[in-house]
Amino acid sequence: MKVSIIIPVYNTEKYLDECILSAINQTLDDIEIIAIDDKSTDSSLYILNKYKGKYDFIKVISNEKNMGVATTRNIGIRHAKGEYIYFLDSDDYIDLEAMEICYNKAKENDIDIVTFDAEMFKDKEYTGYDFNENYERDKIIKSECISGEDFFNKYYPIGAYKQAVWLNLYKREFLVENNLLFYDGIIGPDELHSLQVFLLAKKVFYIPKKLFFRRIRNNSIMSSSTNKIRLESTEIILRESCKFYLQNKNYLKSETNQNLVNHIKFLFNICLVFCDRDNLVDDKIRIIETFKIDDIITNQELIIKDENSDKIPNNKKNILFVMHLLLDGGAEKVLISILDNLDYSKYNVELIVLAKEKSHLYNINKNVKVRYIYDTMTQLYQDYSNGNFNLDIEKKYDVEIGFLGIFTTWVIARFGNPQAKKVAWIHGDFGYMVSGNTVEYITDLYSRVDDIICVSNGAKQSFIDFVGNKLEDKLQTIYNPTDIGQIRKLSLQGIEYRKNKFTILSIGRLAWEKAFDRLIKVHKKLIDEGIDNELIILGSGAQEEELKKLVKNLKLEDTCKIIGYQKNPYPWIKMSDVFVSSSVTEGLPLAIIEAMILEKPIVATDTHGSKGLLENNLGLMVGNSEEGLYYGLRNMILNKELRELYIKNLKEVDKFDFDKSIVMPQIEKLFDGGKR
């Protein structure tokens, strides 16, 4: 499929035939049209279904309720199969050669965004004010292939950078890999979306042709919205633009940062204009205080309060996380992800880390107050074994979370606020966590908490297998929240290592449960068979020297590399040909999640967590043994069609259950609920 044309439709029966026919009659072959009716109250859906009955390349989706253009476009993106995506508004139309011209140019140079010009015209019944927007740029933009950032810097200052998405053909893979969806619930989502896509695009090409025809009509969203409504949306765009600037300024050119700051100031001033038009004095004061934007913005950090901070200053919940220590494991990454995505207008958050040790590996969110109790786990265990462990937890917390293992659960149960809601988090196969504790002790301890959160259904079942059904009403499954867009973005960063043969990658703490020893032995068997490959293991831990010794003894120094912990493992995953998880036990393996996001063929031993992730043929499950690993890896290396099948299946997933947009609302609902 070459191009997917996505058409959101809401009450445009009068113009819909002209729009649809301009898409149907494109000169480019192998296209699809995805028309999404956003709960229209006129005959729009009837018109769409009429065309669907005639053409098999038209797909009609009907929203159950009115969701707005941003959400509707996002639905279209998730259903799109084309190499490229075009967004067409249902009251406008396009040149019949538009998709052919743009697609051919995009394929010629592997372009992320092809941009072109438009012609505006007034509907004959239009009675509103004149629009002075000009979409004819052929006199000021050079037709060349440049980065999106350079395009923005070159043409934003002279007004030739335009925010309308209907001026652009987008590479679908580029949108999906960077999680470039539209912000829901605002007027004018194009403005924020275009800023992000252009600054992240590696290649942009401008075609000096008017390929789109924009209708100016009565009762459009922009022409009928009040200043108050437009203020609310512009303030959100301002806030999100500020966030984007702060998150990306270290990766962007100084010229880009200056233009971004100028754009932020422009949005800030537009907000004030809307306030002045309707004399919205309180809103104006709030916006000025919230964003604190002035002439010295380039010389200081933007200070951004949350938009709700003035509304609920005294109603925040006090949340406490208790963690053993912060090593380079999956649970630690999950904790950091939760902390980075919580709504700090609702919560005051503190983190107690029982032993400091390797906490320097993580940049903990600046909104979190962190307290370290011991420097090392040795000191902690000495005090605990001598009966001297006594943790002073303030009695102010509304929610207390033992985030990893039995010990942190005991800490909140023993030393926490009796009035606080208590939550225990289970990250792995519980049978491997009990360490000699009896069923009676575990049942008594976990009966003192209100909720037991398991990161997978397999982890949940492992808890039930140990204690029985007595505490089943406290159990619920919440996946680890994953920032898919950030992972895809970070995977594009360069690494010094260059592979020179078929590469197998594995990631994890160098500990017995990851079973890297049997993976290395399997690699040896494959090499001895003449199956040329390279094995890379990323991680550090107690078994590091033992594993390196095994590599040396098996004479694998040239083909097996133990690289060590990598703060950004994603370019390594992207570089690899196959990802393997050799673990004896896994609750919800974060490394497999990351490999799924980057669409890598996966071989994984049969564990509770891996099984839940790789169902629906998203990866190859093998027996939890050296033999199982051997036959699985051998098959994956030698069978290219099998690898391509798993890649195809991963590409076709609409939305992963572990996407942070799904998981974080579940976590916040947990925190907002009361004690049982």
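Keep in mind it's a predicted model, so treat the numbers as computed, not measured. Values below: every heavy atom of this structure, side chains too, minus hydrogens, waters and symmetry copies.
When every heavy atom of A160 is checked against every heavy atom of I141, the shortest pair comes out as O-CD1, 3.6 Å. Across S40 and N11, no two heavy atoms sit closer than the pair OG-N, 3.0 Å. Contact between D38 and G68 at its shortest, heavy atoms only, is OD2-N, 2.7 Å. Contact between M596 and L618 at its shortest, heavy atoms only, is CE-CD1, 3.8 Å. Shown here for E136 and A118, the closest heavy-atom pair between the two residues is CG-O, 4.0 Å. In plain terms, the two heavy atoms of I662 and Q666 that are nearest each other are O-CG, 3.5 Å.
With S143 contributing its side chain and Y206 its backbone, the two residues share a donor-acceptor pair below 3.5 Å. Judged by distance alone, with hydrogens and angles left aside, the side-chain atoms of T256 form no donor-acceptor pair with the main-chain N or O of L252 at under 3.5 Å. With hydrogens and angles disregarded, a donor-acceptor distance shorter than 3.5 Å links the side chain of N568 to the backbone of L490. A distance-only check finds a donor-acceptor pair linking the side chain of D483 to the backbone of Q486 [under 3.5 Å]. For N365 (side chain) and N367 (main-chain N/O), a donor-acceptor pair under 3.5 Å exists by modelled atom type. In this structure a side-chain-to-backbone donor-acceptor pair under 3.5 Å is present from N257 to K249. Within the 3.5 Å criterion, the main-chain N or O of F182 finds a donor-acceptor partner in the side chain of N74. Checked by atom type and distance alone, the side chain of R488 pairs as donor or acceptor with a backbone atom of V176 at under 3.5 Å.
When each of K202, K171, K203 is paired with D110, the salt bridge (Lys or Arg N to Asp or Glu O under 4.0 Å) condition holds for K171 and for no other. Checked options K59, R172, K81, E32; the residue passing with S4 is E32 (criterion: side-chain hydrogen bond (donor to acceptor under 3.5 Å, both in side chains)).
The existence of a salt bridge linking R215 and E18 is confirmed by a sub-4.0 Å separation between a basic side-chain nitrogen and an acidic carboxylate oxygen. Ionic pairing of D117 and K209 is not present here: no N-O contact between side-chain nitrogen and carboxylate oxygen is shorter than 4.0 angstrom. A salt bridge does not link R230 with E235: every distance from a Lys NZ or Arg NE/NH1/NH2 to an Asp or Glu carboxylate oxygen is 4.0 Å or more. Salt bridge D276/K284: present, at least one basic N to carboxylate O contact under 4.0 Å. Using a 4.0 Å cut-off between charged side-chain N and carboxylate O, K154 and E255 make no salt bridge. Note on K651 versus E599: salt bridge recorded, some NZ/NE/NH1/NH2 to OD/OE distance being below 4.0 Å. Using a cutoff of 4.0 Å between basic side-chain nitrogens and carboxylate oxygens, D283 and R286 are scored as salt-bridged. D150 has a carboxylate O that lies under 4.0 Å from a charged side-chain N of K253, or vice versa, which qualifies the two as a salt bridge.
Side-chain polar atoms of D37 and Y46 form no donor-acceptor pair below 3.5 angstrom. Side-chain contact check for N153 and E149: no donor-acceptor pair (N or O, by modelled atom type) lies under 3.5 Å. Counted by atom type alone, T482 and D659 present zero donor-acceptor pairs between their side chains at under 3.5 Å. For Y51 and D17, the side-chain atoms include at least one donor-acceptor pair closer than 3.5 Å. Side chain to side chain, N168 and Y170 meet the donor-acceptor criterion of an N or O pair below 3.5 Å. Looking only at atom types and distance, the side chain of S337 has no donor-acceptor partner in the side chain of N480 under 3.5 Å away. The closest side-chain donor-acceptor pair between T12 and D91, if any, does not fall under 3.5 angstrom.
Using the six-membered ring where Trp is involved, Y479 and F658 have ring planes that are perpendicular, over 60° apart on the 30 and 60° scheme.
Looking at P208 and K142, their side chains never come closer than 4.5 Å, going by heavy atoms from C-beta outward. Side-chain contact between I140 and Y155: absent, with no pair of heavy atoms (C-beta onward) separated by less than 4.5 Å. Residues N66 and Y10 meet the side-chain proximity criterion, which asks for heavy atoms closer than 4.5 Å. Here the side chains of I36 and V9 are not in contact, with every heavy-atom distance at 4.5 Å or above. With a 4.5 Å cut-off on side-chain heavy atoms, R217 and Y15 count as touching. Two residues are said to be in side-chain contact when any heavy atoms from C-beta on lie closer than 4.5 Å; I667 and N341 fail this criterion.
Distance check: L21 CG to Q26 CD gives 11.5 Å after rounding to the nearest 0.5 Å.
Ring pair W166/F87: centre-to-centre distance not below 6.0 Å. Taking the ring centroids of H193 and Y183, they lie at or beyond the 6.0 Å cut-off.
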For side chain to side chain donor-acceptor pair (under 3.5 Å), just list the numbers for T27 and E97, CA-CA rounded to whole Å, side-chain angles, deciding distance to a tenth of an Å, and then say yes or no. CA-CA 5 Å; T27 57; E97 295 183 346; 5.4 Å; no
Apply ring pair (Phe, Tyr, Trp, His ring centres under 6.0 Å) to residues F198 and F151 and explain how you reach the verdict. CA-CA 8 Å; F198 270 88; F151 187 95; 5.4 Å; yes
Please report the C-alpha distance between K346 and D343 in whole Å, then the side-chain angles of each, then the deciding distance to 0.1 Å, and finally whether the salt bridge (charged side-chain N to carboxylate O under 4.0 Å, His left out) criterion is met. CA-CA 6 Å; K346 295 167 58 178; D343 183 351; 5.1 Å; no
